[in-house]
Amino acid sequence: MSDSRDPSDIPFPDDEREPGSDDDTPLPDGLNFHRLPPADEDLPEDTREDIPADLTDDRVFDDRPISQRASARQAPPGDGGVNAAWLDGLNPQQREAVLSTEGPLLVLAGAGTGKTRVLTTRVAHILAQRRAWPSQMLVVTFTNKAAREMRERTLALIGPEGEGLRWFGTFHSVSAQILRRHAELAKLKSGFTVLDTDDQLRLIKQILEAEGIDQKRWTPRYLASLIDGWKNRAIWPEKLPPEEGRQFAEGKGVKLYQLYQNRLATLNAVDFGDLLLHTIRIFTEHPEVLAEYHAKFKYILVDEYQDTNVAQYLWLRLLAQGSNNICCVGDDDQSIYGWRGAEVDNILRFEKDFPGAKVIRLEQNYRSTAHILAAASHVIAQNTSRLGKTLRTDAGEGDLVKVRGVWDGEQEARLICDDITSWKQSNRRYAECAVLVRASWQMRAFEERFIVTGTPYRVIGGPRFFERQEIRDALAYLRLIRSEADDLAFERVCNTPKRGIGDTTIQKAYVAARELNTYLTRATDMMIRGDEIRGPAKTGLRRFLIDMERWRTQAGDTEHPRLLEIILEESGYTDMLQADKSPQAQSRLDNLKELVRAMGQFGTLNEFLEHVELVMDNAEGSNSHDQVQILTLHSAKGLEWPMVFLPGWEEEVFPSRRSLDEQGAKGLEEERRLAYVGITRARERAYISFAANRQIYGRWTSVLPSRFVDELPAQHVDAVSETGYVAPSGGFYGSEVKSQWDRPSSTAAREDSAVFDNTSAGRASPLSPLKGGTAGGSGSGGGFRGGYDSPGWRRAQEASATRGATRPPDIEGRAFRSGDSDGRPLQRGKTPGDMLASSDPAASSGLQPGQRIFHEKFGYGRVTEIDGAKLTVAFDKAGVKKVVESFVKRV
DNA sequence: TTCTTCACGCTTTTT
DNA sequence: GCGTGAAGAA
């Protein structure tokens, strides 16, 4: 049995020989597998010393703990044929997708059609059939999370034998693995650093500064996004079309791009885009290297193919030229990352790109009820550039998709929160509910409401663990210990905590470093020996260099988690945070503790840093709590909930105005796909809502319902309006409105009442858009951003005109009303500012003077005075008294 | 060097 | 309306 070892335990490239090579001992099932190659010279010393002498030679190549080795050496499950148990639960299309192992294959997997199941079963099937060793499978995804989950699910099918699935990761992590092996071909050393966005930005800033470019007119961020875009399209500086370069600083774009690349090279660093770019270049310029990988990868599987950019496409195509066994799984209708370079075209063109490709559609949906699926399908059907699918479900009709017109974001949040409360009261869980927003500013209204009502919630997304300031600072210290030449790390921490080293000193250091052709650590060392600098800067710098040197020495004989603790202690970083009384400081300290703990899981400091540079994972994983989830539509992809809320379906919010302005029709289609993604997240219930007025960037803005509301199919929708206004055309304005409010007889009566009274008859007939409110410009708070002559406003006017609609009631309309829909009396005010008072925490949460509160920014305090929307609060921190309008939480 | 003041611009997010 | 980031003042 020892011959059935998976060669994947042996470091590449020695494991590329395939099953069936002629010099092999026959296996029990008659297939030929090759013998192991001789001992590998490249293996790190410590791994070898680890091996007990009595083990047979095959274990020499296994660097896993001994406990895991025995199981890994068993033969794969299955008999080389088809594992019936795996296939039993699959529908015919899924089965075909699993079994069509040879040649290019595109699996068009609609939302909720069991895409991951097909992918994992396919991998397991190929392994069980012994068509390839685990190490000969290349499986690429976009996120580390997806890779991890998919790997786990595959292992659950095939067992520990699949542990050799080493080429199972993101485009970037696989590229990094490849690039480390051939770094010299890209003029890099194999220990190169991978810069993240922040480093990238600082580098660009330095270059702009050096080139004397006005950074107000030409922001580093803009150049970074251009460079990113070029890299997404696999364009090197020398290949950059001149007109592209002209987009930045009067034609200096190309030069700056080149300078940036040069700078990366001298730093022995790459950015994320480079990982793919260098790999592609190596493949094209060194056919022998590409051939190695051709021989290696028998099967290639790609997840979320619709999200690939040009570089990723080229990368895949180069690799797929070998075996031609490439299987891409994706859904053109869920391509929502165009703005970061994804090309829907890649998936639309698949059959052309890979001649002889087979296309299999997965159309059986296992997630949503019929109404939900129908609504989503109807909306997405309005897109023109799509391959087209017809989703089916056996889940039954279920509830209609509920569409709600509301007055403003505050009411929207309140109604949604009420729905969630009754859901919870009917013995369901908070965690089964999700609020999906287009932009993160929309989250605030929900958080405020959830805090007031005590509804547990969790915001998903936000700054990731490794991108937080304190974590990046700590990592910079460690990077500087690893390599004293890491100038970016040096600059980041030399004055954190404050050591009196300011911009001037840093500038001097850079000049000196350039003159001496060395890095900052050495340049500053020279400087403090001379008298170019003096005073606090000199003392601070000297202290910093001495500290660094000491830690570097200690690094040799200290456990690396302990080393970080020492650094944080001795540098004064911990003291700095402890002295900081702001509420974030405590969580920063906690994060650092978490970092120290996480480091313990890695053998060496280097290992840890390598991991961190690529795997920027969100370290918060507390799924155990029963909490409502708040997240953006983008981060909702791949997830699902029984109850899904889709608020803010208003023109210019969703579809996003910028998307339309910048991308036109293409942008609109992408926004519509986002709508499709949103609706299809729901298993049982979907609630869509749009407001008449919304506060955007602190300004009251009159908004129109999203065109996507109009596109919803009437027969699958239950439309209710709190405002007396329902989307004026198409959709549920059509003939067969399946809503209890479709009673033409009462239309006339409501024409007058609806605007001012939404308590009883405030639900309009979808057949008859209501008059009322005032046309556009009359309201003080009305108007689109940019005024009534802005493109946005004109567009909205045109849209209204085509749809024969009147404007929704203005904010004034509401001010005259006597009561709100849920019985809470309105404030007397007439202006939006006064309206704000009604949603103000002081009013709605019943705060009293003397009450203890917690403020997001200022921390704990005590209310001293309440005046309308304004709270005067004495904060514990240094006894500051502040007038607070933004949200406070009662303690 | 650090504190204050004004201007700007403001999706979506991974690696 | 708010936070960031760059320029000016102490």
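First the proteins, then the strands, lettered A, B, ... as listed; each starts at 1.
Distance, A:Leu633 CG to B:dT12 P: 11 Å, rounded to whole Å. Put simply, NZ on A:Lys145 is 13 Å from P on B:dT13, counting in whole angstrom units. A:Gln507 has its CD atom 12 Å from the P atom of C:dA6, to the nearest Å. Atoms CG (A:Leu646) and P (B:dT12) sit 17 Å apart, rounded to a whole Å. A:Arg438 places its CZ atom 14 Å from the C1' atom of B:dC10, with the value rounded to the nearest Å. The distance between atom CD of A:Gln200 and atom P of B:dT14, rounded to the nearest whole Å, is 16 Å. To the nearest angstrom, C1' of B:dT11 lies 15 Å from CG of A:Leu631. Across the protein-nucleic acid pair, A:Arg217 atom CZ and C:dA6 atom C1' stand 17 Å apart, rounded to whole Å.
Of the candidate nucleotides B:dT1, B:dT13, B:dT15, B:dT15 has the atom nearest to the side chain of A:Phe272. Of all nucleotides listed (B:dT1, B:dT12, C:dG1), B:dT1 comes nearest to the side chain of A:Thr504. Distance from the side chain of A:Thr505 is smallest to B:dT1 among B:dT11, B:dT12, B:dT1. Comparing B:dT15, B:dT1, C:dG1 against the side chain of A:His172 picks out B:dT15 as the nearest. The side chain of A:Asn495 approaches B:dT2 more closely than any other nucleotide in the set B:dT13, B:dT2, B:dT15.
Remark: A:Ser659 is not in phosphate contact with B:dT12, judged by side-chain N or O atoms under 4.0 Å from OP1 or OP2. Contact check, A:Asn144 against B:dT15: a side-chain N or O comes under 4.0 Å of OP1 or OP2. Taking only side-chain nitrogens and oxygens, A:Tyr697 comes nearer than 4.0 Å to OP1 or OP2 of B:dT11. In this model, the phosphate group of B:dT13 is approached by a side-chain N or O of A:Thr632 to a distance below 4.0 Å at OP1 or OP2. Taking only side-chain nitrogens and oxygens, A:Ser635 comes nearer than 4.0 Å to OP1 or OP2 of B:dT13.
A distance cut-off of 5.5 Å between ring centres, combined with a plane angle under 30°, places A:Trp339 in a stacking arrangement with the base of B:dT12.
In this structure A:Ala509 satisfies the side chain to side chain contact (heavy atoms under 4.5 Å, CB included) test together with A:Leu520, A:Thr524, A:Met527, sequence neighbours excluded. Residues satisfying the salt bridge (Lys or Arg N to Asp or Glu O under 4.0 Å) test with A:Glu209, not counting sequence neighbours, are none. Applying the side chain to side chain contact (heavy atoms under 4.5 Å, CB included) criterion to A:Asp198, with sequence neighbours excluded, gives A:Asp196, A:Arg202, A:Arg472, A:Arg492. In this structure, the ring pair (Phe, Tyr, Trp, His ring centres under 6.0 Å) partners of A:Phe608, at least two apart in sequence or on a different chain, are A:Phe602. Residues passing the salt bridge (Lys or Arg N to Asp or Glu O under 4.0 Å) test with A:Arg479 are A:Asp199, A:Asp486, sequence neighbours excluded.
Using a 4.0 Å heavy-atom criterion, one finds that A:Ser656 contacts the bases of the nucleic acid, with or without backbone contacts as well. Residue A:Lys205 is in sugar-phosphate contact alone, with no base atom involved, counting any heavy-atom pair closer than 4.0 Å across all strands shown. Within the nucleic acid shown, A:Ala537 comes within 4.0 Å of sugar-phosphate atoms alone, with no base atom in reach, counting heavy atoms only. Here A:Ser440 lies in heavy-atom contact (under 4.0 Å) with sugar-phosphate atoms only. Residue A:Gln312 is classed as having no contact, given no heavy-atom separation below 4.0 Å to the nucleic acid. Residue contacts for A:Gly500: at a heavy-atom cut-off of 4.0 Å it reaches the sugar-phosphate backbone alone, with no base atom in range.
Comparing A:Ala439 and A:Ser173, the nucleotide of DNA chain B nearest to each residue sits closer to the 5' end for A:Ala439.
Inspection of the A:Ser659 and A:Glu670 side chains reveals no N or O donor paired with an N or O acceptor under 3.5 Å. For the residue pair A:Glu304/A:Tyr337, the side-chain donor-acceptor check at 3.5 Å is not satisfied.
A glycosidic torsion no more than 90° from 0 defines the syn conformation; B:dT12 lies beyond that range and is anti.
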Nucleotide N/O to protein N/O under 3.5 Å, stretch nucleotides 3-9 of chain B:
none

Would you please test A:Glu671 and A:Arg438 for salt bridge (charged side-chain N to carboxylate O under 4.0 Å, His left out) and show each step? CA-CA 9 Å; A:Glu671 296 286 306; A:Arg438 174 67 242 265; 2.6 Å; yes
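The P atoms of B:dT12 and C:dG3 are separated by 16 Å, rounded to the nearest whole Å.
Taking the charged nitrogens against the carboxylate oxygens, A:Asp331 and A:Lys115 have no contact shorter than 4.0 Å, which rules out a salt bridge.
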